[in-house]
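To keep things clear, I will list the structure first and then write my remarks on it.
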Protein chains: 2
Amino acid sequence: MLTIGKLGRAAGVKIPTIRYYEQIGLLPEAERSAGNQRLYSRKALDRLTFIRHARGLGFTLEAIRDLLSLSDTPDQPCAAADAIAKAQLSEIEKRLTRLASLKVELKRMVAQCAGGRIADCRVIEVLGDHSLCATDHDHPQGGDSQ
Amino acid sequence: MLTIGKLGRAAGVKIPTIRYYEQIGLLPEAERSAGNQRLYSRKALDRLTFIRHARGLGFTLEAIRDLLSLSDTPDQPCAAADAIAKAQLSEIEKRLTRLASLKVELKRMVAQCAGGRIADCRVIEVLGDHSLCATDHDHPQGGDSQ
DNA sequence: TCTTGAAGCTACAGTAGCTAGAGACATTAG
DNA sequence: CTAATGTCTCTAGCTACTGTAGCTTCAAGA
C-alpha cells in the first residue's frame, strides 16, 4: 500500500491532482489508514498511470473516463475505444493544421518588423488591420490542451 | 456611435466577450446612452479588431494588453512589440513540435488496433503501459489556446 | 401614441484541469 | 521525545470566456 506522495512519484502525477481526480470520480475513493491518510494499491497505480499517459497524449478527462470504463469490460468489442482514439487523432490533426498556418502568419509579421519605431512597426500594424494579413484564422473558439 | 451588438458584429466578437474585456480593463469603460447602454466610437472598433486579430493568432490577453499599451506610444522603438511576437512564435513552434509527436504516437496506436475485443486492444494497452510507447511526452503542464 | 419584439443591462455561476495556500493532524527518523 | 516531513480538508484562484435569469431600453410598425 502506497501513500499519496509515493503514488504520485511512481505515476508522475502531483498530489493535488490525484485528490482532484478522486474528487471528480476518475479515481475511486481511496482506502484510508487509521489516521485518515489515503492508501493505494498496485491497481490504483496502474489506473493512475493510464490516466497520466492518456493526458500526455492530450485526451480529455471525459475521454479518459470513457476509456477507463471500457477497459473495465474486456470482453466487449474495442470499436468504442478505437473511435475515441481516432477522434483524438483528428482533433490533433486539426490543431496542427491551424497552428501551422498561425506560424506562417507570425513569421511573416516578425520578419517584416524592421526594428524601428512603434509607429512603423509591422507587428502592430498587421494586428490592427486584418486586410494586411493573408490567412483567415477566424475561429476564435476552441479550447486546446497540451 | 455603435451599440454593443453592432460593434460585436463589426469586429467579430461576441457581446459577452466585449463586456468581459471591459471588465478586465482591456477595453476602456464605454460611454453610455441616456438609457445606460454602451456606445462605441470608431476608435473602440479599431481596438477591438486589434484584440480579436491578436487572439486569433494565439496571443494571450496579457500579451495583448502589452501590445496595446505599446501601440499607444508610437514614438518608442518597437523592440518590445517585436519581442512579444517572437515569443509567441516560439511558443507556437513548441506546440507544433509537441503536437506532431503526439500525432505520430496516436497514429501508431490506432493503426495497431485490430478491432477485436477490449482485452486485446492496443489502444487500451498502450495507454496502460508507458514502456510500450516510443516517445516521452512527459510534460503534463502547459495551457494552450487555439 | 401605443405596442411589441429585439437588443441591452447587471450579476452570478459554470467550463477544463488543475494549482496554491491556510491551518490542523499523522507518521517517521534519529 | 522531538523535529521534520507528509498528509488532511477546505477554499479560492487561474485563462478566456460562455450561459443564465430577470430585468430595462430602444426602434419600428399599426
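Labels below follow one simple rule: chain letters A, B, ... track the order of the sequence lines, proteins then strands, and each chain is numbered from 1.
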Quick check on contacts: within residues 36-43 of chain A, what sits under 4.0 Å from DNA chain D by heavy-atom distance? A:Asn36, A:Gln37, A:Arg38
Scan A:Ile24 against the nucleic acid and name what it touches under 4.0 Å (heavy atoms): base, sugar-phosphate only, or nothing. nothing
Whole Å only: how far is the CD1 atom of B:Ile64 from the C1' atom of D:dC17? 13 Å
Tell me: CD1 of B:Ile18 to C1' of D:dT18, nearest whole Å? 14 Å
Nearest-Å distance for atom pair CD1/C1', residues B:Ile15 and C:dC9: 11 Å
Looking only at side-chain atoms of B:Thr3, point me to the closest of C:dC18, C:dG8, C:dG17. C:dG8
Distance, rounded to the nearest Å, where A:Leu7 contributes CG and D:dT7 contributes P: 10 Å
A:Tyr20 side chain near C:dA16 phosphate (N/O to OP1/OP2, under 4.0 Å): no
Is there a side chain to side chain contact (heavy atoms under 4.5 Å, CB included) between A:Leu39 and A:Leu2 once you walk through the steps? CA-CA 5 Å; A:Leu39 294 175; A:Leu2 306 166; over 6 Å; no
Which residue lies more 5' along DNA chain D, comparing B:Glu62 with B:Ser33 via nearest heavy atoms: B:Glu62
Side chain B:His53, main chain A:Leu127, donor-acceptor under 3.5 Å: yes
May I ask you to verify if any side-chain N or O of B:Thr17 is less than 4.0 angstrom from the OP1 or OP2 atom of D:dT18? yes
To the nearest angstrom, how far is B:Leu27 atom CG from D:dC17 atom C1'? 14 Å
Nearest 0.5 Å, please: how far is CD in A:Glu91 from CD in A:Glu93? 10.5 Å
In terms of side-chain geometry, is the basic nitrogen of B:Asp120 or B:Arg117 positioned less than 4.0 Å from the acidic oxygen of its partner? yes
Can you identify which nucleotide, out of C:dG17, C:dC9, D:dT18, has its nearest atom closest to the A:Thr60 side chain? C:dG17
Is there a side-chain contact between A:Tyr40 and A:Leu45, using heavy atoms and a 4.5 Å cut-off? no
Spacing between B:Glu22 atom CD and D:dC17 atom P, to the nearest angstrom: 16 Å
Quick one: which of C:dC9, D:dT18, C:dG17 gets closest to the side chain of A:Arg55? C:dG17
With heavy atoms under 4.0 Å as the rule, sort B:Arg32 into base, sugar-phosphate or nothing. sugar-phosphate
Can you tell me if the side-chain N/O atoms of A:Arg19 get under 4.0 Å from OP1 or OP2 in D:dT9? no
Go nucleotide by nucleotide along DNA chain C from the 5' end; which of A:Lys6 and B:Gly35 gets its closest nucleotide reached first? B:Gly35
Interatomic distance, CD1@A:Ile84 vs CZ@A:Phe59, rounded to 0.5 Å, equals 8.0 Å
Please give the remaining members of the hydrophobic cluster of B:Val104, linking ILVMFWY side chains under 4.5 Å, ordered by chain and number. none
Which side-chain N or O atoms in residues 15-23 of chain A pair as donor and acceptor under 3.5 Å with protein atoms at least two apart or in another chain?
{"residue": "A:Glu22", "atom": "OE1", "partner": "A:Arg38", "partner atom": "NE", "Å": "3.0"}

D:dT20 P sits how many Å from B:Lys14 NZ, rounded? 12 Å
May I have the distance from A:Gln23 (atom CD) to D:dC10 (atom C1'), rounded to whole angstrom? 10 Å
